[in-house]
4 protein chains.
Amino acid sequence: MSAGQQESQKVPRTERGRKTLRKLLDAAASEFGEHGFHEASISSITRRAGVALGSFYTYFDSKDAIFRALVQDMSEAVKVAARDAIEPDMRPLELERAALAGFLEFAAEHKEIYRIIDEAEFVDPRSYRDHYETIAERIRDRLRSGAEHGDFRDDIGEVEAWALMGMNVFLGLRYAIWRREGDPGSAEVAASANALLARGVAN
Amino acid sequence: MSAGQQESQKVPRTERGRKTLRKLLDAAASEFGEHGFHEASISSITRRAGVALGSFYTYFDSKDAIFRALVQDMSEAVKVAARDAIEPDMRPLELERAALAGFLEFAAEHKEIYRIIDEAEFVDPRSYRDHYETIAERIRDRLRSGAEHGDFRDDIGEVEAWALMGMNVFLGLRYAIWRREGDPGSAEVAASANALLARGVAN
Amino acid sequence: MSAGQQESQKVPRTERGRKTLRKLLDAAASEFGEHGFHEASISSITRRAGVALGSFYTYFDSKDAIFRALVQDMSEAVKVAARDAIEPDMRPLELERAALAGFLEFAAEHKEIYRIIDEAEFVDPRSYRDHYETIAERIRDRLRSGAEHGDFRDDIGEVEAWALMGMNVFLGLRYAIWRREGDPGSAEVAASANALLARGVAN
Amino acid sequence: MSAGQQESQKVPRTERGRKTLRKLLDAAASEFGEHGFHEASISSITRRAGVALGSFYTYFDSKDAIFRALVQDMSEAVKVAARDAIEPDMRPLELERAALAGFLEFAAEHKEIYRIIDEAEFVDPRSYRDHYETIAERIRDRLRSGAEHGDFRDDIGEVEAWALMGMNVFLGLRYAIWRREGDPGSAEVAASANALLARGVAN
DNA sequence: GATGAATGAGGATTCATTCAT
DNA sequence: TATGAATGAATCCTCATTCAT
């Protein structure tokens, strides 16, 4: 996971600096994941990272800046995870199934993404909205492409894209973040969701 | 919308007290909705409510306490809105459509619920989880009942309930909260979602 | 124990009022004794007394006022306890022994006096000083009278009075308030102190 | 007077930090001495110390923490003052006289100790009790040692130690803190008290 | 670059006291 | 008299950010 580079984040010139930057980013991911943005403190982050408080400002302009960097990181990582899970020659339906399964696996291993991305709604509404709109667009593109292949209905569009995204997000919440003993695995959940996507629930 | 009564919220014994409590709750809904929990301040709330700062503590033990009361309020209100939108003699599918349409209307008029409920994830994780788990259960019950009526497939369960809830929540986010010029109305969105729920997207 | 009457304390005209006043005074003694002046709250006092918050101000002008009334009460009670313990025909030395024994008994039963009188040092320095100066004077009078009787040395005066008072106060602290299992009883402590007073510790 | 180091007090790592800490401690001694714990405010302390409000929390966790540190300081200082006033080769009685005289001198110059130590009864009861119990033990040790030397009676013990401490404390209150024009000096007071201790008041 | 002390605005909370009923 | 709601001054404490070394 590499940090999104913005003006508010300085690029280190030495190897030592690069290491410090990485330590800060990792520490921030844990800290924000565990406590949320507002309860997290810069001093906790630097303590976790094992650097002095003042060093934080060598790399980031503000608490907001590192948070934004992290959101970009995570947002990017989520997309990469979904992309990595799919093969170019999969059929449209198969492709959605694989993307969801990949996302569920990823979420289970990075439980902090939900908290961090959700909190962006309050800390940096812009990236929050960007995050979901970008994903929705990507999904819509895939759905359209599926329609062009003749696998999906022709009349599906943005509404369906948002609906599908909502399904996936909430399945991740329930089966990755809030997973319970005895719950179906990622593959099964993805299969059920895929059936719903394909044929709906009507008898 | 009536306030959830907990230990941390004192029950007024006079009419004047009841009015003050209501003013505080309403002011808090706006304040939290506009600024989020952490940026909101008690003094802003009391200023909006037109009462003295100290009066806040006549009714609530803390900033957390009023937030919790509000989440319960909203959570309750969301359920009521969905319930009010449906008729007992509707067919299962029709019922889901009506519930979603009702929710979309409600969300459009109470845009603050998204922020408030979402922020509960950080301020009061317990009620956040409770909120979604309760709704999911309710949806699952409806789906099962639909299956018993023979309208829905027999094998649908919790996964489908969470998927459906996710659809609804994200459609609300996109078409109620982030509504744009030219977007389809609640009825149309609900109709599209209902089609997806019924038959899926496969051709 | 009857309340010291000052301007800041209103005299009740009805029987009902007299009862309320008494309840308030008793409640205040416990509250101040347990928590000290600053940690004590008027609302705790009225709650203990079983009356409404506002009723407090029917009887006292302020938190300070009830505290002062209480200090006077206690101060008076301490003197009464010592006086009650002595007989007019006791010899001077015997008299000091009896007064101390009486005080120790009294302190053991009213542990709150120490806290209340000590705290007067901060809340109402005037009565604090008055309290000890009055007692010291009384002791000095007794010592002089003993000297006139030929039982005590002629050269004893104020220094000895304060020294004796200090002895008594600290023996009360140690053997009444901080009493431990196996400690000597009031009579024994008083006897030892009396021996010290009479003959000193020299061999 | 060096600060008692507890967990709640951070140890400065630089010279500048050490100076700030000292300034805070000195300012606190004056502030608590003049106004007492509850009336004292952190902002007054930092103002006196000439540092920013926030700097207080660089060194102490809370108002209580600095108060506790101060009580330890004072408690230590009182003991040191008494110890410094005595010579190892003094006879037991002479030694008590010197210790008292030393204490009276010290108290006259540090009038705030009475308020601060007395207030510990309310703010930090533990150190209050510790303070007096430690001193009482020390006195008892001296008395016993005097008995072993054959200068004091064999039967004197804890009661006499507390009695002696009480004498000393109250003589300090009267002749150091509440000193009046024309009062006997420390040496005279100590001499009178010493006579009382040695031979009592009996004729 | 790194360090850690210094800064001060900001906000939650308490509670004695007043007041309308 | 009794009641309990209303008031708002007062103060502790947090923590992002700056700065001197």
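Just so you know, these numbers come straight off a predicted model, no measurement behind them. Residue numbering restarts at 1 for every chain, and letters A, B, ... go by the order of the sequence lines.
The aromatic rings of Y128(C) and Y132(C) lie perpendicular to each other, with more than 60° between the two planes, well past the 30° mark.
Side-chain contact annotation: R18(D) with T14(D), donor-acceptor N/O pair under 3.5 Å absent. In summary, the side chains of E39(A) and H38(B) do present a donor paired with an acceptor at a separation below 3.5 Å, with no hydrogens or angles considered. Side-chain N/O atoms of R47(C) and S43(C) include a donor and acceptor closer than 3.5 Å.
Residue contacts shown for G17(A) are absent, as no nucleic acid heavy atom lies under 4.0 Å away. Across all strands shown, L53(A) has heavy atoms under 4.0 Å from base atoms, whether or not it also approaches the sugar-phosphate.
Each of V51(B) and G54(D) was matched to the nucleotide of DNA chain F holding its nearest heavy atom; the match closer to the 5' end belongs to V51(B). For the pair E39(A) and P12(C), nearest-nucleotide mapping onto DNA chain F gives the more 5' position to P12(C).
Whole-Å rounding puts the F56(A) CZ to dG4(E) P distance at 17 Å. Taking atom CD1 of I42(D) as the reference point, atom P of dG10(E) lies 21 Å away to the nearest angstrom. Between the P atom of dG1(E) and the NZ atom of K23(A) lies a distance of 14 Å, rounded to the nearest Å. Rounded to whole Å, the distance from CG on D64(D) to P on dT11(F) is 16 Å. For the pair F60(C) CZ and dC15(E) C1', the interatomic distance rounds to 19 Å; values are reported in whole Å. We find that CZ of F37(A) is positioned 12 Å from C1' of dC15(F), with the value rounded to whole Å. In this entry the distance linking NE2 of H38(D) with C1' of dC12(F) reads 13 Å, nearest Å. The interatomic distance linking D61(C) (CG) with dT18(E) (P) rounds to 9 Å, in whole Å.
Figure legend: K63(C) and F37(C) shown as a cation-pi pair, the cationic atom lying under 6.0 angstrom from the six-membered ring centre and within 45 degrees of its axis.
Checked against dC13(F), dA16(E), dT17(F), the side chain of S62(A) finds its nearest nucleotide in dT17(F). Listed nucleotides: dA5(F), dT7(E), dT13(E). Nearest to the side chain of R13(B): dA5(F). Closest contact between the side chain of S55(B) and the listed nucleotides dT7(F), dT3(F), dG8(E) involves dT7(F). Side-chain proximity of T58(B) to the nucleotides dA6(F), dG4(E), dA5(E) is greatest for dA6(F). Each of dC12(F), dA6(F), dG8(E) was ranked by its minimum atom distance to the side chain of T20(B); first place goes to dA6(F). Between dA16(E), dA6(F), dA5(E), one nucleotide has an atom nearer to the side chain of K63(C) than all others, and that is dA16(E).
Regarding contacts with the backbone of dT1(F), a side-chain N or O of T14(C) is found under 4.0 angstrom from either OP1 or OP2. Contact annotation: Y57(B) reaches the phosphate of dT13(E) (side-chain N/O to OP1 or OP2, under 4.0 Å).
dA20(E) is paired with dT3(F) under the criterion used here, namely a Watson-Crick or G-U wobble arrangement in which both key atom distances are under 3.5 Å.
The CG atom of L70(D) lies 11.0 Å from the CG atom of L24(D); values are rounded to the nearest 0.5 Å.
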